[in-house]
Amino acid sequence: KPYKTYSDAEISAINDFNEKGGMVVLAGWSDYYERYEAFPAADHMAAQQNKVLAALGSSLRISDDGTMDDKLNGGQPQRLYFSSYNLDHFLMAGVEYNAEHPNDVMYTERFSQYGGASIYAVGTNGNPTSELPGTVAPMVYGHATTYSKDQDSDGLGGAATPKYAFAENDSRLLVMASEQLAGKGMIVVAGAAFMSNFEVQAQLDNGAEKNYSNYKICENLVQYLNPVKITPIETVQEEAEEGVKFTVEGIVTSNASGYDKDTAFFDCIYVQDNTAGINAFPVAGNFKIGDKVRVTGTTSSYQGERQLAVTKIEKIADAAAPAPKKVTAAQINDGSVLGSLVKIKGTITRVEEAEGKIQTIMVKDAAGNEARVFIDGYITKDKEVQNAIVGNQVEAVGLASYDNTFYLDGKQIAPRIRIRDRADVVCTAGETPVKTWSITYVTD
């Protein structure tokens, strides 16, 4: 197919965009592909991208070469997987790297570059330099054995391509870097199309292998360009419309089934921040109480309870599990603490079983109001609540929840406290009233 080159108007538009703060990402390719019959050097990919970079005032350039490696490759000298990273760069955040196994896909996320070029910097005189300006931040280097080759034999690229200090006494070809010029948007330059749908896959065919670092880099780029807005969970609970997208961060307050099936609710977890809590569905991974997670999803409901229909969830830190909030029956019944980890104390007024296991305990608090304590039949089914007898005292810890399908004696009792572990319901014998006597002594 005929190739195209940048027009002056296009370059001017790109420059205007960058001057107004827009990020510009430019990628090259190997000169191996540049084998048109009539193909002047000024029309080569590197030359065209460098024309844009020069107009932007950037010191970065793409080399008219091909990156090759005869020792570390994926079956072809140009099929390369790099792992020489500047992990301090913010666009490399989260990239998994194991110094003992830098090229092993079971330990390290490698940077995929197939049929790519190297990049370099020029000085104020416009000539290639082996010193990177202070405005440039390297991201990915080649291997120590990676070399530049003039594959189309046009006299460009090759051994003269500058290398840069990766470590002491270790200079390497550079394949990806960024540059930040004062008052402008960031410029990112790579020697290959690192964001292709081959390199950027949510999951590889072999799930045991680490993904390409390209995926994390692109995630970080998107996050930089369009920062995620974290919404208080309280706001999500208050949203009346279904299908509204939110991202929340909070602490997991109930285990997922992938961590402990006996203490997990079916296909969901509860997440809580300092404003409220909420049910997140579906979640069945290895998430546990105390994990700090970021959840993206849309508002939905199940049996009358507001939930977040999960499209993405990730653990972002370890944290301390929140202490349960002491609540009254009135707070459970009015929904003001829906989704939060709570504790209630009171007197047992009724106990109901289902399939031989305690399912419902009605609790009257000090104010004389009743609330429902509910235990799913699959929760710690090898245990049972001890001393669950009418008149006994009870202290229960669980999640403030809602189920509009529950009826007792024909009366709907939807609000509930959902128990994570039967051991979280502690019953003790009620206090026996003490009868006192008044004795009057009469003396003569």
Side-chain angles (χ1 to χ4, degrees), residues 233-234 236-244 252-257 261-272 276-284 295 297-310 324-325 327-344 346 348-365 369-381 383-385 388 390 394 396-422 424-425:
I233 293 177
E234 180 181 55
V236 183
Q237 284 284 13
E238 293 171 350
E239 176 57 57
E241 298 293 325
E242 301 283 277
V244 180
V252 175
T253 53
S254 68
N255 293 325
S257 58
K261 192 173 182 179
D262 283 346
T263 59
F265 303 128
F266 179 73
D267 234 10
C268 71
I269 60 173
Y270 282 78
V271 179
Q272 181 173 323
I278 198 165
N279 185 309
F281 172 91
V283 178
V295 186
T298 55
T299 51
S300 64
S301 298
Y302 180 70
Q303 295 180 342
E305 181 174 346
R306 164 61 75 231
Q307 66 181 17
L308 199 58
V310 178
K325 180 180 180 180
V327 297
T328 64
Q331 289 174 290
I332 295 299
N333 294 330
D334 67 16
S336 60
V337 290
L338 184 65
S340 295
L341 185 65
V342 297
K343 176 192 290 187
I344 194 169
I348 299 174
T349 60
R350 183 164 180 163
V351 178
E352 295 290 330
E353 293 186 353
E355 298 181 357
K357 302 290 288 185
I358 292 175
Q359 182 189 66
T360 294
I361 300 174
M362 298 301 297
V363 180
K364 180 182 288 187
D365 66 11
N369 299 312
E370 283 189 291
R372 176 166 68 110
V373 171
F374 174 77
I375 311 173
D376 284 294
Y378 53 80
I379 293 293
T380 52
K381 55 185 179 293
K383 300 179 184 178
E384 186 54 288
V385 178
V390 173
V394 61
V397 174
L399 283 306
S401 178
Y402 194 89
D403 174 10
N404 58 16
T405 68
F406 183 82
Y407 290 81
L408 193 62
D409 295 336
K411 180 182 178 183
Q412 184 187 58
I413 307 178
R416 62 183 182 176
I417 296 177
R418 200 174 183 188
I419 301 302
R420 306 167 298 177
D421 187 326
R422 291 174 188 267
D424 288 341
V425 183

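If you're wondering where the values come from, they're calculated on a predicted model, not measured in any experiment.
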Quick one: do the S300 and Q307 side chains pair a donor with an acceptor below 3.5 Å? yes
Is the count of non-hydrogen atoms from other residues, nucleotides or ligands lying under 6.0 Å from E241 atom CD greater than 12? no
Show the nearest heavy-atom pair for residues A264 and A256, with the distance to one decimal. CB-C, 3.5 Å
Look up atom OG1 in T298 and atom CD in E239, then write down how far apart they are to the nearest 0.5 Å. 11.0 Å
Are T328 and D365 close enough that a side-chain donor and a side-chain acceptor fall under 3.5 Å? no
If we only count heavy atoms from C-beta on, is the M362 to I413 side-chain gap below 4.5 Å? yes
Would a distance-only check, ignoring hydrogens and angles, find a side-chain to backbone donor-acceptor pair under 3.5 Å from E370 to A329? no
List the atom of I344, the atom of V327, and the distance in Å for their closest heavy-atom pair. CG1-O, 3.8 Å
Just how far is it from atom OG1 of T263 to atom CZ of R420, taken to the nearest 0.5 Å? 8.5 Å
Which distance, rounded to the nearest 0.5 Å, do you find between the CD1 of I361 and the CZ of R350? 13.0 Å
Could you check if a side-chain atom of R372 sits within less than 4.5 angstrom of a side-chain atom of D403, using non-hydrogen atoms only? yes
Distance col, row D262:CG vs I379:CD1, nearest 0.5 angstrom, shows 8.0 Å
Just checking F281 against F265, ring centres under 6.0 Å apart? no
For A280 and V310, the nearest pair of non-hydrogen atoms, with its separation, is CB-CG2, 3.8 Å
Could you tell me the separation between the CZ atom of R306 and the OH atom of Y402, rounded to the nearest 0.5 Å? 13.0 Å
For R422 and I375, indicate whether the former's side chain and the latter's backbone hold a donor-acceptor pair under 3.5 Å. no
Do V373 and V394 have side chains that approach each other closer than 4.5 Å (heavy atoms only, starting at C-beta)? no
Nearest atoms (heavy-atom pairs only) where G346 meets V363: CA-CG1, 3.6 Å
Between A388 and I348, the two heavy atoms sitting closest are CA-CD1, 3.9 Å
Where the side chain of T253 meets the backbone of Y270, is there a donor-acceptor pair that is under 3.5 Å apart? yes
What are the two closest heavy atoms between V351 and V390, and how far apart are they? N-CG2, 4.4 Å
Looking at S401 and R416, would you say the former's side chain and the latter's main chain have a donor-acceptor pair under 3.5 Å? no
Enclosure of Y302 OH (heavy-atom neighbours >12, cutoff 6.0 Å): no
Just how far is it from atom CG of L399 to atom CD1 of I417, taken to the nearest 0.5 Å? 9.5 Å
Has D334 got a side-chain atom pairing as donor or acceptor with S336's backbone, closer than 3.5 angstrom? yes
Side-chain heavy-atom pair Q359, E353 within 4.5 angstrom cut-off: no
Around K357, counting heavy atoms of other residues, nucleotides and ligands shown, do more than 12 lie under 6.0 Å from its NZ? yes
With a 4.0 Å cut-off on N to O distance, would you call D421 and K383 a salt bridge? yes
When you measure from the side chain of E242 to the backbone of S301, do you find a donor-acceptor pair of N or O atoms at a distance under 3.5 Å? yes
Have a look at L308 and tell me which of V271, V236, I233 forms a side chain to side chain contact (heavy atoms under 4.5 Å, CB included) with it. V236
